[in-house]
Amino acid sequence: MEGVGGDTATMASPVQQRANEAWRLYQYYLDKTTPHAVNRWIGTLVMAGIYCLRVYYVQGFYIISYALGIYVLNLLIGFLSPLVDPELETSDGPMLPTKGSDEFKPFIRRLPEFKFWYSMTKAFFIAFVMTFFSFFDIPVFWPILLCYWIVLFVLTMRRQIAHMIKYKYIPFSLGKQKYGGKKAYGSSSSSRAD
């Protein structure tokens with residue numbers, strides 16, 4: 001009886017080893033993409049465009065597109081929200097400054113940019129694969145789904161923007177801030193005496 005269990009374990013071991021090697025290779029290339037944010041997002045936009053073309057040419061799978069839109073909206077809310085919501089919690093951890101006299105604390109996202117990109121890319125890939133299976137093509141009247149998604153998007157973004165205004169935070173930074181500083185002496189022609 002012991003030999004039967006041992007044989008099963010040794011037969012599964014090479015398969016498990018190959019799976020671990022494949023996962024390590026996948027993780028290696030995923031880690032190499034981390035510093036290349038622009039290229040990652042271009043790739044995701046290309047994938048989204050291919051998905052949209054597939055749905056357009058097949059003229060179906062609108063329920064998958066609707067579910068994908070809701071999921072991407074949920075990811076966007078996580079990306080735009082602070083890690084610690086000042087409305088819900090008062091904690092000793094990092095919080096957003098609420099007054100001008102408060103010290104500066106950097107904006108920490110609930111969903112970091114890399115995870116946002118990775119989740120969105122996986123979602124578009126999975127939705128694209130689902131378009132090849134006809135049982136996911138549930139007949140629906142797509143204009144109603146589109147109108148409902150637009151209303152949902154507008155209401156959610158309005159609430160998120162109101163939250164941003166109330167707690168005075170901006171979830172985007174476009175690099176290091178540059179200050180004008182003092183002008184160099186003698187650079188202005190109006191200050192010279194003739």
So, taking the atom named CG in N20 and the one named OG in S13, what distance separates them when rounded to the nearest 0.5 Å? 9.5 Å
Would you say that more than 12 heavy atoms from the other residues, nucleotides or ligands in this model lie under 6.0 Å from the CZ of F114, or not? yes
For the pair L76 and Q160, evaluate side chain to side chain contact (heavy atoms under 4.5 Å, CB included) and give the outcome as yes or no after the intermediate values. CA-CA 10 Å; L76 182 63; Q160 187 68 30; over 6 Å; no
Evaluation steps, side chain to side chain contact (heavy atoms under 4.5 Å, CB included), between L80 and H163: CA-CA 10 Å; L80 295 176; H163 190 271; over 6 Å; no
Kindly give the heavy-atom pair with the smallest separation between T34 and R40, and that separation in Å. O-NH2, 3.2 Å
Would you say I126 ends up clustered with Y118 if hydrophobic residues are merged whenever their side chains have heavy atoms under 4.5 Å apart, either directly or through other cluster members? yes
Is it true that I64 and F133 fall in one hydrophobic cluster, defined by side-chain heavy atoms closer than 4.5 Å? yes
With ring centroids as reference points, do F132 and F136 lie under 6.0 angstrom apart? no
Report the distance from atom CD1 of I70 to atom CG of L145, rounding to the nearest 0.5 Å. 9.0 Å
Is a side-chain donor-acceptor pair under 3.5 Å present for W142 with Q59? no
same_hphob_cluster(V154, Y71) at 4.5 Å side-chain heavy-atom cutoff: yes
Closest heavy-atom pair and its distance - V55, G60: CG1-O, 3.3 Å
Examine distances only and state if a side-chain atom of W117 and a backbone atom of A37 form a donor-acceptor pair shorter than 3.5 Å. no
Trace of the side-chain hydrogen bond (donor to acceptor under 3.5 Å, both in side chains) decision for R110 with S81: CA-CA 6 Å; R110 187 177 350 146; S81 299; 2.9 Å; yes
Would L45 and Y56 show up in the same hydrophobic cluster when neighbours are defined by side-chain heavy atoms closer than 4.5 Å? no
Starting from the C-alpha separation in whole Å, work towards a yes-or-no answer on side chain to side chain contact (heavy atoms under 4.5 Å, CB included) for F125 and Y51. CA-CA 8 Å; F125 179 76; Y51 172 77; over 6 Å; no
Whether R109 side chain and L83 backbone form a donor-acceptor pair below 3.5 Å: no
Should C147 and W149 count as side-chain neighbours, where that means a heavy-atom distance under 4.5 Å? no
Quick one: do I138 and F128 end up in the same hydrophobic cluster if we chain Ile, Leu, Val, Met, Phe, Trp and Tyr together by side-chain heavy atoms under 4.5 Å apart? yes
Apply side chain to side chain contact (heavy atoms under 4.5 Å, CB included) to the pair N39 and T33, showing each step before the final yes or no. CA-CA 8 Å; N39 294 335; T33 65; over 6 Å; no
How long is the straight-line distance from CG of D137 back to CE of M130, given to the nearest 0.5 Å? 11.0 Å
Take F116 and F79 through the ring-ring contact (aromatic ring centres under 6.0 Å, His included) test and state the conclusion after the steps. CA-CA 7 Å; F116 177 52; F79 181 70; 4.6 Å; yes
Give me the atom names and distance for the closest heavy-atom approach of L75 to M120. CD1-N, 3.8 Å
Point-to-point distance, once rounded to the nearest 0.5 Å, from CE of M164 to CZ of R159: 11.0 Å
Just checking, any donor-acceptor pair under 3.5 angstrom between side chains of D31 and Q27? yes
Drop me the distance from F124's CZ to C52's SG, to the nearest 0.5 angstrom. 6.0 Å
Interatomic distance, CG@L152 vs CE@M157, rounded to 0.5 Å, equals 9.5 Å
Can you tell me if T131 and R54 form a side-chain donor-acceptor pair at under 3.5 Å? yes
